[in-house]
Amino acid sequence: MEHKRRSKIIDVLKSKSFGSEILIKGWVRTKRGNKNINFIALNDGSVIHNLQVVVEVARFDENLLKQVTTGSCISVKGTLVESMGQGQHVEVQAKEIEVYGTADPETYPLQKKGHSLEFLREIAHLRPRTNTFGAVLRIRHAMAYGIHKYFNDHGFCYIHTPIITGSDAEGAGEMFRVTTLDGDNPPRLPDGHLDYTQDFFGKETNLTVSGQLEAELGAMALSLVYTFGPTFRAENSNTPRHLAEFWMIEPEMAFYDINDNMDLAEDFLKFLMQYALDHCMDDLEFLNKMYDNELIDRLKSVINSRFERLTYTRAVEILMASGQSWEFPVSWGADLQAEHERYLVEKHFGKPVILTDYPRDIKAFYMKQNEDGKTVRGMDVLFPKIGEIIGGSQREENLDALMRRIQELHIPEKDVWWYLDTRKFGTAPHAGFGLGFERLILFVTGMANIRDVIPFPRAPKNAEF
RNA sequence: UCCUCCUUAGCUCAGUUGGUUAGAGCAUCUGACUGUUAAUCAGAGGGUCGCAAGUUCAAGUCUUGCAGGGGGAGCCA
């Protein structure tokens, strides 16, 4: 029995083997034509472009062709030919068509005409079949691969940190509880509190808000490590830049100080932008045309710019001298507001900015304390359009200094004894940062809402699909 | 969570100072057309105006509450 292998449309479109027999499979985007000839635009997700299938109506059963509608899935055997029409170089002259799955045109939600992104969010199970989400998902894949490639090529070891954590000391926000206790009738202690000793892990557990503390443990053995996994925040954040479930990349490097950390962050981001330009140009051109006319120029400009590095203190001086009127006043010691960051990145410098040496009271306990007693060696990378894309720091490796901070902030020592042990046994200067994967994808795709760069977004009041 | 705007046909929207039978484009269906490119042309079908209550002779339109969504802010990645 003859068995022919399916060709991917991305390869067919590049092929010049005119006259050869090929087999293609995919989903119908549109069908048009007249009673003599039909044109089917077929897409299999391998590339944003469709392959045109030419159907001589007389050669096929009428009922078969009736089933070929927008959204249906078909298999086509035919001859690869040079296109007689405009708009494409190659097309397939159909000889056999098999319908795998019909799609009732009366009820299939996707039309050949464009849909709003808001509507597509309501049909997230079908939106990968659109040009936009095909492009976003291919870019998202390329960025995930590029991240692993970058770290692998630079001698980093990929560490899998736990999704379920028994520590609530990470201090990165509200957590989702993980439990097998009976929600209707949970065991309670005499004082009324839940009795977690009867829970699955014998203690209170949550979904992770960061893999950083565990990544630091890895860096204290393997020197260069990174995590890349899901992260969960139970914050009631309703913005185009926040998700309850998102993916984060967290490299952690022994023997790096904050300047090494900044060098890595800048080089890493530029590598990823270049990787997108090198491997996703078809998709970027589509997004550039449909959503953001400056997208490709912006990616190139980031690659070619030197990120501006300055201290928080210097940034405050610039903001106070700017003559701008702020909704929130600028003062040393207060966290910078979105409007302040945007001014620095988009107006004052016109390129990515890395702010360092923040007041210690507005930053996490693990950041390396400076000699001035007021600031810590934190760093935030601020990007145009999306704001903070990376947050990181040199870590406090001195046990006494770290202990003082933990006591000041009333962090229970019993929860972080294992973290403190790294400072007790062979401590080393080290640094790291966290990159929000979806924020990276936002920047690289030019999409405006973070719910449109993850297949199935999780956000307050939204866990469908 | 706060501020603000929105919710009318499958989709995107219009709907006047409250007034009789709620409109358009696209999509869908039927027909026409010998190579189309978001094909084109002609015709047809398609609505509990987000949900609930209230004001009024009369509510898509005004008021209140609730739900969902967009934008901005906070929290952050």
Side-chain angles (χ1 to χ4, degrees), chain A residues 29-41 49-58 66 69-71 81 83-88 91 93 103-123 131 170-174 209-212 228-250 265 290 326-328 335-342 362-364 380-383 386-392 433-443 448-454 459-462 464:
Chain A
R29 287 296 176 76
T30 72
K31 186 178 76 170
R32 51 179 176 263
N34 52 50
K35 66 180 168 193
N36 297 299
I37 189 164
N38 279 183
F39 301 93
I40 299 167
H49 307 297
N50 301 325
L51 178 62
Q52 174 154 284
V53 176
V54 183
V55 180
E56 283 175 44
V57 173
K66 248 185 177 160
T69 60
T70 298
V81 297
S83 179
M84 294 154 72
Q86 306 290 309
Q88 62 279 319
E91 62 191 21
Q93 202 78 39
D104 178 6
E106 295 278 5
T107 52
Y108 183 63
L110 290 171
Q111 302 166 176
K112 44 187 139 185
K113 203 160 170 167
H115 291 290
S116 69
L117 293 169
E118 290 85 356
F119 173 68
L120 292 175
R121 262 170 236 154
E122 295 171 8
I123 51 166
N131 286 334
E170 284 136 348
E174 294 296 312
V209 293
S210 165
Q212 179 199 317
F228 184 0
T231 310
F232 307 87
R233 306 264 169 100
E235 300 286 353
N236 192 11
S237 298
N238 292 288
T239 85
R241 295 179 306 284
H242 291 84
L243 290 167
E245 176 182 297
F246 63 100
W247 289 66
M248 189 154 63
I249 299 100
E250 295 175 289
M290 300 300 288
W326 309 107
E327 188 183 345
F328 298 92
D335 218 346
L336 297 183
Q337 304 293 313
E339 57 174 337
H340 307 141
E341 296 180 348
R342 203 169 298 133
I362 60 172
K363 287 293 181 184
D380 285 356
V381 180
L382 309 179
F383 258 39
I386 55 172
E388 184 180 342
I389 192 169
I390 277 179
F433 60 80
L435 167 68
F437 186 52
E438 284 76 18
R439 291 200 180 163
L440 171 76
I441 307 303
L442 272 181
F443 188 77
N449 192 312
I450 202 163
R451 298 174 194 204
D452 297 331
V453 296
I454 187 169
K461 299 283 193 288
N462 189 349
E464 194 66 50

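In the text below, chain A, chain B and the rest are named by the order of the sequence lines, each starting its count at 1. Worth saying up front: this structure is predicted, and the values here are computed from it rather than measured. Values reported hereafter were calculated over all heavy atoms of this structure, with side chains retained and with hydrogens, waters and symmetry mates removed.
We find that CG of Leu243(A) is positioned 14 Å from C1' of rC75(B), with the value rounded to whole Å. Distance, Glu250(A) CD to rC76(B) P: 15 Å, rounded to whole Å. In this structure, the CG atom of Leu117(A) is 13 Å from the C1' atom of rU12(B), given to the nearest Å. Between the CD1 atom of Ile37(A) and the P atom of rU34(B) there is a distance of 12 Å, given to the nearest Å. Note: NE2 (His115(A)) to P (rC13(B)) measures 13 Å, nearest angstrom. Taking atom CZ of residue Arg451(A) and atom P of nucleotide rG68(B), one finds them 12 Å apart after rounding to whole Å. A straight line from CG of Leu110(A) to P of rA38(B) spans 18 Å, rounded to a whole angstrom. The nearest whole Å value for the distance from the CG atom in Leu336(A) to the C1' atom in rA73(B) is 16 Å.
OP1 or OP2 of rG74(B) lies within a sub-4.0 Å distance of a side-chain N or O belonging to Gln337(A). Contact between the side-chain N/O atoms of Ser116(A) and the OP1/OP2 oxygens of rU12(B) is found at a separation under 4.0 Å. Within the 4.0 Å cut-off from OP1 or OP2 of rA32(B), not a single side-chain nitrogen or oxygen of Lys35(A) is found. OP1 or OP2 of rG35(B) lies within a sub-4.0 Å distance of a side-chain N or O belonging to Asn34(A). Of the side-chain N and O atoms in Arg342(A), one or more sit less than 4.0 angstrom from OP1 or OP2 of rA73(B). In terms of phosphate contacts, Asn462(A) brings no side-chain nitrogen or oxygen within less than 4.0 Å of OP1 or OP2 of rG68(B). Residue Arg241(A) places no side-chain N or O under 4.0 Å from the OP1 or OP2 atom of rC75(B).
Among the heavy atoms of the strands, none lies under 4.0 Å from Ala41(A). Note on Gln88(A): a base of the nucleic acid sits closer than 4.0 angstrom, heavy atoms only. Nucleic acid contact for Gly434(A): sugar-phosphate only, since backbone atoms but no base atoms lie under 4.0 Å from a heavy atom of the residue. Residue Glu464(A) is out of contact with every strand shown, counting any heavy-atom pair closer than 4.0 Å. Across all strands, Asn238(A) comes closer than 4.0 Å to base atoms (heavy-atom distances). At a threshold of 4.0 angstrom between heavy atoms, the contacts of Phe246(A) include nucleobase atoms, whether or not backbone atoms are also involved. Note on Gln86(A): a base of the nucleic acid sits closer than 4.0 angstrom, heavy atoms only. Within the nucleic acid shown, Leu440(A) has no heavy atom closer than 4.0 Å to any nucleic acid atom. No engagement by Pro109(A) is indicated, since no non-hydrogen atom pair under 4.0 Å with the nucleic acid exists. As judged by a 4.0 angstrom heavy-atom cut-off over every strand, Ser83(A) is placed among the base-contacting residues. When heavy atoms are screened at a 4.0 angstrom cut-off, Met248(A) is found touching the sugar-phosphate backbone but no base atom. Within 4.0 Å of Thr107(A), counting heavy atoms only, lies no atom of the nucleic acid at all. Nucleic acid contact for Gln111(A): base, since at least one base atom lies under 4.0 Å from a heavy atom of the residue.
Listed nucleotides rA77(B), rG71(B), rU34(B) differ in distance to Asn449(A); the shortest reach to its side chain belongs to rG71(B). Listed nucleotides: rU36(B), rG70(B), rC75(B). Nearest to the side chain of Ser237(A): rC75(B). Candidate nucleotides rC75(B), rA77(B), rU1(B) were compared by shortest atom distance to the side chain of Arg439(A), and rA77(B) ranks first. Each of rG70(B), rA77(B), rU28(B) was ranked by its minimum atom distance to the side chain of Glu118(A); first place goes to rG70(B). Checked against rU36(B), rC76(B), rG69(B), the side chain of Arg121(A) finds its nearest nucleotide in rG69(B). Considering only the side chain of Lys461(A), rG68(B) comes nearest among rU36(B), rG68(B), rU28(B). Picking from rG70(B), rG35(B), rA73(B) the nucleotide with the shortest atom distance to the side chain of Thr239(A) gives rA73(B). In this structure, of rG71(B), rC11(B), rC76(B), it is rG71(B) that holds the atom nearest to the side chain of Pro240(A). Distance from the side chain of Phe119(A) is smallest to rU12(B) among rU1(B), rU12(B), rC76(B).
Pairs of Watson-Crick or G-U wobble type, with distances under 3.5 Å, assemble into runs of 3 or more in RNA chain B at these ranges: B:1-7 with B:67-73, B:10-13 with B:23-26, B:28-32 with B:40-44, B:50-54 with B:62-66.
Contact of Glu91(A) with rG35(B) (side chain to base): a donor-acceptor pair of N or O atoms is detected under 3.5 Å.
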_Pair Val54(A), Ile37(A) - check side-chain contact (heavy atoms from CB on, under 4.5 Å), show working._
CA-CA 7 Å; Val54(A) 183; Ile37(A) 189 164; 3.6 Å; yes

Requested in this report: Check the pair Asn36(A) / Val57(A) against side-chain contact (heavy atoms from CB on, under 4.5 Å), numbers first and verdict last.
Outcome: CA-CA 5 Å; Asn36(A) 297 299; Val57(A) 173; 5.7 Å; no

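Each of Glu235(A), Met248(A), Arg233(A) was scored for a side chain to side chain contact (heavy atoms under 4.5 Å, CB included) with Val209(A), with one residue passing: Arg233(A). Each of His242(A), Arg121(A), Glu438(A) was scored for a side chain to side chain contact (heavy atoms under 4.5 Å, CB included) with Arg451(A), with one residue passing: Arg121(A).
Nearest heavy-atom pair, Ala265(A) versus Val381(A), reported as atom, atom and distance to 0.1 Å: CB-CG2, 4.4 Å. Of all non-hydrogen atoms in Leu382(A) and Glu388(A), the two that sit nearest each other are CD2-CA, 3.8 Å.
Nucleotides rG65(B) and rC5(B), compared at atom P, are 14 Å apart to the nearest Å. Rounded to a whole angstrom, the distance from the C1' atom of rG50(B) to that of rG31(B) is 38 Å.
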